[in-house]
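Note: hydrogens, waters and symmetry copies are ignored here, and every other heavy atom, side chains too, is used. Proteins come first, then strands; the chains are lettered A, B, ... in the order of their sequence lines, and each starts at number 1.
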Amino acid sequence: MNLRLSGLLAAAATIGLSAAAFADTVKLGYQLPLTGETAQYGQDFRKAAEIALTEFNGSGKPFTVEIIFEDSRSDAKEGTTIARKFVDNKEIVGVLGDFTSGVSMAAAQVYKDAGLPQLSQTASHPDYTKISKYQFRNIATQAQEGPYNAKWMLAKGYKTIAVIAEQTDWGQSVVSGFSEGVKAGGGTVVFSEFFNRGLKDYRSLISKLERAKPDAIYTGFFYEDGAQFLKQVQQLGIKTPVYSTSAAYSPKLLELAGDAAEGVHLTSNFLPTDPSADVQHFVTEWKAKSDGAVPGQFPAQAYDAVRIMLAAVEKAYPNPTREKVRDALAETKDFPGVTGKTSFGPDREAQKELVKVEVKGGAFVPVAD
Amino acid sequence: MIDPYYLQQLAIGLSLGMTYALMAIGFTLIFGVLNVVNFAHGEIYTLGAFAGLVLISAAAPPAAAVIFAALAIGALAGFSLERLAFKPFRRFTDEASLKSRAMRESTLLSSLAVSIVVREGLEIGFGSQMQSIPFAYLINTPVRVGPVILVTGDFIIFGVAAAMLVGLQYLLTRTRTGLAIRAVSNNPLGAKYVGIDTDRTIIVTFVVGSMMGAAAGILTGLYYGAVFPAMGFIPGIKAFVAMVMGGLSSIPGAVICALILGIAESMATTFVSSGWSDMVAYGFLIVTLIFFPNGLFGARRERV
C-alpha cells in the first residue's frame, strides 16, 4: 500500500503534479507510548488528539486531516524505527510526539535528517529543540520551570533544599535547572539524588534525604511515583514541605496519595477549573470520553499540540509540504490554547505562563505566592 | 549506641525483603521444587491484586473476604496456567522427550506467552494506569517501634510469609502430597512408575504456588495502595534472584535471601545513589552464579 502510494507520488512528481492535486487528506504522524509502562500517558494523548481532530474535520475545512498513531512503548529504539517509517511515508507532513524527552530526542535525529517537522507536547529536556530547526515543543522546559520554582521556594524563606528526581534525561534537567536557580538566588542544594522511575519503596531514600535536614524538598517525578513518595513521607512522619514540577500535576496524584498530597506545592500551565470557554469545552469533551474524569495537564498539552499542528497545516494549505508546515509552525504567535497562549520563539521554545498551585482540601488550588 | 538512622534503614530493608519473600515462596515452589520454568508467576501476582481490587470496588467486603477472593483467583489461575502452558508439553512420556531440553524450554516460552497475554489483557480491560485502592483497606498505618517507624502492613506481611513458609514446609515434609511433590521433582518418570499420579501432583503444586503468588499480589497492593498491570515484573525479578541465591530448590533459602536482598538494597541507598540500588540484586545474582553455583542454601543434592 505504502509502496504503491509512494510510487504514485513519485510518478506524480515526475509529471509535475503536486501531491495536493489528488490528496484532499493531509496526513500527520503521532508517535506515542500506547503500551508498556507509560501507556497511560500515550492513551490520554491519543484521546486528546482524537478530540482535536474530530473538531477540526467537522468544521468544514476544504480538506481533512488524518493522524497515524504509532506505539513507541517509550522505547528509544522503537521511537527511531517509527520515525523512519514516518519519514518514508511521503504523505506525512508533520509529526507529533514523543512523550518522554529521551525518545523524542532519539527520533528527532531522524526527523532532522529528513526535514520533517516534529512537535512534542511534553518533551521538556533543554537540548531537545537544539537538535535542529525542525523540533518544536509547546511545554515549558525545566530550564524555565526550575529557576521559576527555585525563586518561589527561596521567596518562601527556604534556604537549604533537597532535590530528588527520576533517573532520566528529563529528571537530570529538573535537577540541573532547579539547582542553578537556587544557587543564583543565594540558596543551597544540600542533597540531590536520582531514583529509578517506578520505584515502589522510597523510604530508604526519604530517610537518607532527611539526614541532610533540608528546609524543603523539590521533586522531579510523575504522579505515580509522586503518590508513593508522598504517602511514604507521611508514613515516616516527616513534615518537610514538598514542592514539585508540573509533571506531577494530575488528578490521579490526589486520588492515589489521598491526604498525603495535602500541602504539596507545584506549578502548572493548565487548570481544568479555568472558566474560559475553550478550557471548559475541552474539559466537557474529555469528561464525556473518560467516564467523567477531569483531564490533567498532559492531555491538555496534547490537545494544544495537535491544534497548533493543525493550524500550521491549514496555513500551509493548499500545498502543504514538510518545509511549509515547519515554517508555519515557526510563525505560531499567541495561539490560544487550553494551556494558555503559545508562541514559538526563534529557538522554537514555547513561552508559557506558569500557575502556582497548592493541594488544599483534596484539590489543586491556585495560590498567589 | 547505634545511629537510629541505620536501625530505620534496617527495618525498611527487612520490610522490603518480606515483600520479596512473599513473592519468592510460591515462585520457588513451582520453579525450584517442581523444576519447571514458570514465567507467569508475576502475572498471577497481578491477577491476585486485581481480583482483590475488583471485589473491593464492587462490594466493599471485609478485608478477609478480599484475601479469600485473591486466593480463589490464584488457585483458578494456577490450574488454568498449568492446563494451558504446561500440560500440553507433557503428552510425550518416552525417555527421549523427557530428557530433551527442548521440552523444558518450550514451557519456558509458553509460560512467557501466557504472562504477556494476561498482562496485555489486563491493560485492555483496566487500562495501564495505576488503580488506587480505597484508603480504608490500606495496611499502612504508621507504628512506632522504639526509634523506628514501621507500618501495620509490615507485621501482616511478616505474619503471612511466616505462615506460608511453615505451612509449606509442613506440607512438603509431613504429608503424602508433599512426598509426592518431592518424588515428582526428583524423578518424574520414576514417580509415575511407582504409581504416583504425576499430573495431579503437578496441578496441586501449581494451585498451591499460585494461591501464594496471588496472596502476595493483593497484600502488596494493599500495602502500597496501587495496582497496575505491570506490577508483577520487578517483584518477579527480585523473587527470581532470591530463589537463585537460595539454591533454586530451597524455600527457606529463598526467604532468607529475599531478606538479605531487601536489607542490602536499603543499606546500599545510604552509600550509593538510590538509582543504583537495583544493581544490588543483579550484583548478588552474578556473584552467586560465579562463586556459589549451587546457591547459598542449595549445596545438598536432595530437593526441598
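- Of the atoms belonging to B/Phe135, it is side-chain heavy atoms, and not backbone ones, that fall under 4.5 Å from chain A.
- If you tally non-hydrogen atom pairs under 4.5 Å between each of A/Gly198, A/Gly36, A/Ala227 and chain B, the highest count goes to A/Gly36.
- Heavy-atom distances place both the backbone and the side chain of A/Arg203 under 4.5 Å from chain B.
- Residue B/Gln8 touches chain A through its side chain alone, counting heavy-atom pairs closer than 4.5 Å.
- Closest non-hydrogen pair, A/Leu254 versus A/Gly362, comes out as CD1-O, 3.5 Å.
- The side-chain heavy atoms of B/Ser274 and A/Leu199, taken from C-beta on, include a pair separated by under 4.5 Å.
- Residue B/Val227: no heavy atom, backbone or side chain, is found under 4.5 Å from chain A.
- Only the side chain of B/Glu120 comes within contact range of chain A, judged by heavy atoms closer than 4.5 Å.
- Surrounding CZ of A/Phe191 are more than 12 heavy atoms belonging to other residues, nucleotides or ligands, all under 6.0 Å away.
- Ranked by heavy-atom pairs shorter than 4.5 Å toward chain B, the options A/Leu256, A/Thr38, A/Leu236 are led by A/Leu256.
- The aromatic ring centroids of A/Phe270 and A/Tyr249 lie 6.0 Å or more from each other.
- Using a 4.5 Å cut-off between heavy atoms, A/Lys200 contacts chain B through both its backbone and its side chain.
- Per-residue counts of heavy-atom pairs under 4.5 Å with chain A were compared for B/Ser277, B/Ser132, B/Pro142; the largest is that of B/Ser132.
- Contacts of B/Thr220 with chain A are made by side-chain atoms alone, with heavy-atom separations under 4.5 Å and no backbone atom involved.
- Annotation for B/Tyr45 and B/Met23: closest pair CD1-SD, 3.2 Å, computed over non-hydrogen atoms.
- Aromatic ring orientation, B/Phe27 versus B/Phe31: perpendicular (interplanar angle above 60°, classes split at 30° and 60°).
- A salt bridge between A/Lys208 and A/Glu193 is present, with a side-chain N of the basic residue lying under 4.0 Å from a carboxylate O of the acidic one.
- Other residues, nucleotides and ligands place no more than 12 heavy atoms under 6.0 Å from the CZ atom of B/Phe233.
- Looking at A/Gln232, the atoms closer than 4.5 Å to chain B (heavy atoms on both sides) all sit in the side chain, from C-beta outward.
- Each of A/Gln43, A/Arg211, A/Arg197 has some count of heavy-atom pairs under 4.5 Å with chain B, and the biggest count is that of A/Arg211.
- Contacts with chain B were tallied for A/Lys252, A/Glu210, A/Glu166, A/Gln234; A/Lys252 has the most, counting heavy-atom pairs under 4.5 Å.
- Using a 4.5 Å cut-off between heavy atoms, A/Ala257 touches chain B through its backbone atoms (N, CA, C, O) alone.
- Counting only heavy atoms from C-beta outward, the side chains of B/Leu81 and B/Asn38 approach each other to under 4.5 Å.
- Only the side chain of A/Gln228 has a heavy atom closer than 4.5 Å to any heavy atom of chain B.
- Proximity to chain B is limited to the side chain of A/Tyr223, based on heavy atoms less than 4.5 angstrom apart.
- The pair A/Asp259-A/Lys231 does not count as a salt bridge, with every side-chain nitrogen at least 4.0 angstrom from each carboxylate oxygen.
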